Structures are given as structure tokens and as C-alpha cells.
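Notes to accompany the following structure.
Nothing here was measured: the structure is a model prediction, and the numbers come from that model.
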Number of protein chains: 2
Amino acid sequence: MLFTTKTEYGLKAMTALAQSKDKKPLSLASIAKDYHISQPYLERLFAKLKADGLVESSKGSNGGYVLTRPANKINIFEVIEALEGPLAVFYCMASDGKPACTTSNCLTKKVWHELQKNIMVTLRRFKLSDLI
Amino acid sequence: MLFTTKTEYGLKAMTALAQSKDKKPLSLASIAKDYHISQPYLERLFAKLKADGLVESSKGSNGGYVLTRPANKINIFEVIEALEGPLAVFYCMASDGKPACTTSNCLTKKVWHELQKNIMVTLRRFKLSDLI
DNA sequence: TTAATACCTACTAAATTACTAGGTTATTAA
DNA sequence: TTAATAACCTAGTAATTTAGTAGGTATTAA
């Protein structure tokens, strides 16, 4: 399985924000209820979405989250990367702190690189608005 | 992470078979030693590869595994699917026994379907011989 | 001042991956 | 015929990740 419920829940919630009347902030409590998702779990996902600048929050009564950009300007890849971390088809392809493959001139790596690029391009083509 | 060490180990071992002199069977003991992989774990991977008809086995002294086809006729997708099971970018996309998405006319699903098709096409383009 | 909301920390449960241990069965070479 | 080799099988354990729970604090609007 490529993606987990993190992405599934996150995208569902993001589409909910995209459909909010007059860009009114939506509380996680209401989203959690509407989509039957654990609220604390959703909170952690939104912390990541906010850290990556995809949503803005406001506290207090009538507070909640709103998208920072129109839904047709947010691509699926951004959302996935925010939630799942950097895309890596393999351990050896990880771009974060993990130990990378040390085989010089590694043919296998070239194949994974091409696959990874391909997946990214495909995911970037789709916008949040395509899911509504 | 898309793929696990199952695929990593499996592909490494398959390329070892592809490079065997005169198509001589290679034992899992020797592959496990050469590539520093747990032999019983490798055994289970090869059970899957054999079940999918990608390798043949012979028991006894000088026995081992050989490829059933030339390396340029075996594509990466076949190997991955044998080892990791049916490709599904999401739970809702699983083609096996699991409960599928019931949302009729689900837009999200169309996006995943296109992504999934794309990944398959890319993986089928690469042959085992490309990794040698 | 109160209620609503984001935000934070620590823990538990479930699932999956990776690995270990200890066999049995079939085949070949000596 | 025997011993070595190798596939093949079963039942576990360890490690990691995902998913979810519990119980708070901080901030803001009404």
C-alpha cells in the first residue's frame, strides 16, 4: 500500500475546508464528527498541514481551519508530502536524514529515481479541486 | 515508503540468478551469504517468486533456483507484485478480498486509479536486465 | 467570564515487517 | 547406500509503524 489513512483523512478534511461556505473556518470537532475520524488524530495531521503552510488556524469560538490557497492551486502531492513525509519508493531513496545507498553508479537507483519522478509528476497534476 | 525490503532483497537475488554462469542454479544459502540477507526470510520470498512462476527450483546437491525467462523478459512489476502483493495506492483501491470503497461515482478513486495505472506502466517498462 | 477552539504530551492498541529457530523432504555425489 | 546439500515447511519473536486514546493547557470570540 502506497499511502495510509493519514493521506486519506487529510485529503478528506481538506476537501471539507474547500467546500466551506464563504471560507468560514471549520473546526476539527465538526470534521471529525462528519467524517468519523478520531479528533486527536486529525489534530496531529493538521499540525503537519499547518507547518507546511497549506492551512491557517484561528482559535476561540467560531475558530477553526481554512485553506491558505484556492483548492485549484493546491496539488495532491503537497498534501501527501506534508502528511506522509518525503516520498521515497525505497529506503535507499530517502532524502531525509536516513543513511542513503552508497553504491556508486547504482543502476537500480536510476530506475527508482525515474519511478519516483513519475509519481511526483502525476500527483502534482491533480489539484485538491479535482477531488470535489 | 512505497516498497519494502521484500522487493529490495527479491530484486537483488533475482539479479544474482540473472548473472549466474551458464544458468547454473544458485542456492539461497550462497545468495543469503553474498548479500547479507537472512536465509529463512529469503526462502519465504522465493516461495512467492516460485508461486508466480518467475523462478524454478531444484533440490539436492548443486540444486538451487534459476530464472524461468531471460532477464530482459522479466519486468520489475511482476517481481514486485509477487513479493508485495497486488499494488494498491490505497486501502479503497485493493483488488483482493478487502472491503472496497462504496462511494458511487467517487472522484478521489479516479485520481488514484490514474496514479496506480501510471505506476504500473512505469514499472512494467523496466526489466530485470536493466538492473544489471 | 465563559465557551469554543486550537494546541500539546504521553500513553496504548493494532498491524505489518523483519527476523529466528528448528525442523522435514527430495536429490545428488561419493 | 550413505552423507551432504538444498528446497521446503511451521511456529514463533522483535522491531517498527500506524492508528487511536486520554487528559490536559493556551488563546480567542461572544
In whole angstroms, how far is the P atom of dT21(D) from the CD atom of Glu43(A)?
-> 13 Å

Quickly work out the Lys48(B) NZ to dA7(D) C1' distance and round it to whole Å.
-> 18 Å

Answer yes or no: is there a side-chain heavy-atom contact under 4.5 Å between Val66(B) and Leu17(B)?
-> no

Mind calculating the distance between NZ (Lys59(A)) and P (dT28(D)) to the nearest angstrom?
-> 7 Å

Phosphate-side-chain proximity, Lys50(B) and dA7(D), N/O vs OP1/OP2 below 4.0 Å = no

Minimum-distance nucleotide (side-chain atoms of Asn62(A) versus dA30(D), dA29(C), dT20(C)) = dA30(D)

Can you tell which of dA19(D), dA7(D), dC7(C) lies closest to the side chain of Ser57(B)?
-> dA7(D)

Below 4.0 angstrom, N of the basic side chain to O of the carboxylate: do Arg125(B) and Glu114(A) qualify?
-> yes

Could you work out which one of dT18(D), dT28(C), dG12(D) sits closest to the side chain of Arg44(B)?
-> dG12(D)

d(OH, Tyr9(A); C1', dG20(D)) in whole Å | 9 Å

Of the candidate nucleotides dA19(D), dA7(D), dT28(C), which contains the atom at the shortest distance from the side chain of Lys6(A)?
-> dA19(D)

Gap between atoms CZ and C1', on Phe46(A) and dA19(D) respectively (whole Å) = 17 Å

Look at Thr4(A) and dT17(D) and indicate whether a side-chain polar atom (N or O) is within less than 4.0 Å of OP1 or OP2.
-> no

Rounded distance (Å) that lies between atom C1' of dT18(D) and atom CD1 of Ile37(A) | 15 Å

Does the pair Leu11(B) and Thr108(A) meet the rule for a side-chain contact (heavy atoms from CB on, under 4.5 Å), with working shown?
-> CA-CA 9 Å; Leu11(B) 282 172; Thr108(A) 312; 5.5 Å; no

Which whole-number value in Å describes the distance from Leu42(A) CG to dT5(C) P?
-> 14 Å

Please give, in whole Å, the distance from dA6(C) P to Tyr41(A) OH?
-> 18 Å

With a 4.0 Å cut-off on heavy atoms, is Ser38(A) in touch with a base, just the backbone sugar-phosphate, or nothing at all?
-> base

Indicate, with a heavy-atom threshold strictly under 4.0 Å, whether Gly60(B) touches base, sugar-phosphate, or nothing.
-> base

Strictly by modelled atom types, are Glu84(A) and Thr7(A) linked by a side-chain donor-acceptor pair under 3.5 Å?
-> yes

Whichever of Ala47(B) and Pro40(A) has the more 5' nearest nucleotide on DNA chain D, that residue is Ala47(B)

Would you name the heavy atoms of Leu54(B) and Val79(B) that are closest together and state the gap between them?
-> CD1-CA, 3.9 Å

